[in-house]
Amino acid sequence: MYNQHSQRCPSRLNPTAVAYRVEKFLILTHLTVEPACRAIVDELNYSISQIDPKKTIHVGGFRLNPDGSLTEKKVPLARSEANLSELLDGVCGSMSDYALHVDPDTKKKQYKRFAPRSSDAGDFPDFNNFKFDGPEGSNALKFVCESIVEEFEDDIISLFAKETNHVVDKLCNEVSGTVSDMLWFLSDQASCLPLTA
C-alpha cells in the first residue's frame, strides 16, 4: 500500500536540521529578504562607483602563444571577479548603517541607509522617519545579508560583472523566489517533525 506520509517524510530526515532550517528561514522571511538584497546592491554599486574606471586587472591564464608571445587579458578592476568577491566579503558589515524607514506619506516600511557616506557632504536623512531597533535590528539584517551572500555569491558576482542596469531587480527577484520556494519546502518538511509535549 502506498504511504503518502512516508514518501513525503523520509525516515532519514534529521529533525534537528529541519528545525534549524525552518527557524532560519522564518527569521529571513519575517525580516523580508528584499530589503537586505536591495541594501547589498546599493552598497556594491556605491563601492564600485568609488573605484577609478581606468584601473584594470590582468585576468585569465598567462599562456604562451605558439610564437612565444604572451596573451594578456585586462578587464576593468571595478567589475572584476576578484574585486567583486572582495567587496562581497565586507558588504554585510555595513548593514549596521541601515534601519527601518517608514514613509510619512504611504506608511510603507523598508530598510534604508541612515548613515551618510563620506561623499554625501552633509546630506543627512530625516531621522524622525526611522525606527531604530537597537543592535537586534541591524544584527538580523546582517544575518539576512550574510545568508543571501552565502547562497547567491556566484550569481551576484556574475550579474555585477556583466550588468550595470537592472541588477537590483534581477537579483532580488531571484532571491525572493528562491526563499519562497525554500520556505514552502521547509514548512512542508516541518510537518514531518514529531510533536513534543
*CG on Leu100 to CG on Asn129, rounded to 0.5 Å*: 11.0 Å
*asked:* Just so I know, are the side chains of His166 and Leu171 near enough to count as touching, which here means a heavy-atom distance under 4.5 Å?
replied: no
_Sidechain-backbone polar pair: Ser94 side chain, Val91 backbone, donor-acceptor under 3.5 Å_ = yes
*Can you tell me if Ser147 uses its side chain to pair, donor with acceptor, with the backbone of Phe143 under 3.5 Å?*
yes
*Are Val149 and Asp89 close enough that some pair of their side-chain heavy atoms sits under 4.5 Å apart?*
no
_To the closest 0.5 Å, what do you measure between CD (Glu150) and SG (Cys145)?_
11.5 Å
*asked:* Below 30° counts as parallel, above 60° as perpendicular, anything between as tilted: where do the rings of Phe127 and Phe132 land?
replied: tilted
*Positive for side-chain contact (heavy atoms from CB on, under 4.5 Å) with Ile157, one of Leu88, Leu87, Asn83*: Leu88
*Lys112 versus Arg38: any side-chain heavy-atom pair under 4.5 Å?*
no
*Contact summary for Tyr98 and Arg113, nearest pair of heavy atoms*: CD2-N, 3.2 Å
_Rounded to the nearest 0.5 Å, what separates atom CZ in Phe152 from atom OG in Ser158?_
13.5 Å
*Going from CG on Asp42 to OH on Tyr111, what distance comes out if it is rounded to the nearest 0.5 angstrom?*
16.0 Å
_Gap between atom CD1 of Ile48 and atom CG of Leu84 - 0.5 Å precision_ = 5.0 Å
*Looking at NZ of Lys131 and NZ of Lys109, how far apart are the two atoms once the value is rounded to the nearest 0.5 Å?*
4.5 Å
_Donor-acceptor contact present, side-chain Ser49 to main-chain Tyr46, <3.5 Å_ = yes
*Considering residues at least two apart in sequence or located in another chain, which fulfil the side-chain contact (heavy atoms from CB on, under 4.5 Å) criterion with Glu146?*
Cys92, Lys142
*Backbone N or O of Lys162 within a donor-acceptor pair of the Arg79 side chain at under 3.5 Å?*
no
*Determine whether Ile156 and Leu44 make a side-chain contact, defined as any pair of heavy atoms from C-beta on separated by less than 4.5 Å.*
yes
*In this structure, are over 12 heavy atoms from other groups packed under 6.0 Å from Glu153 atom CD?*
yes
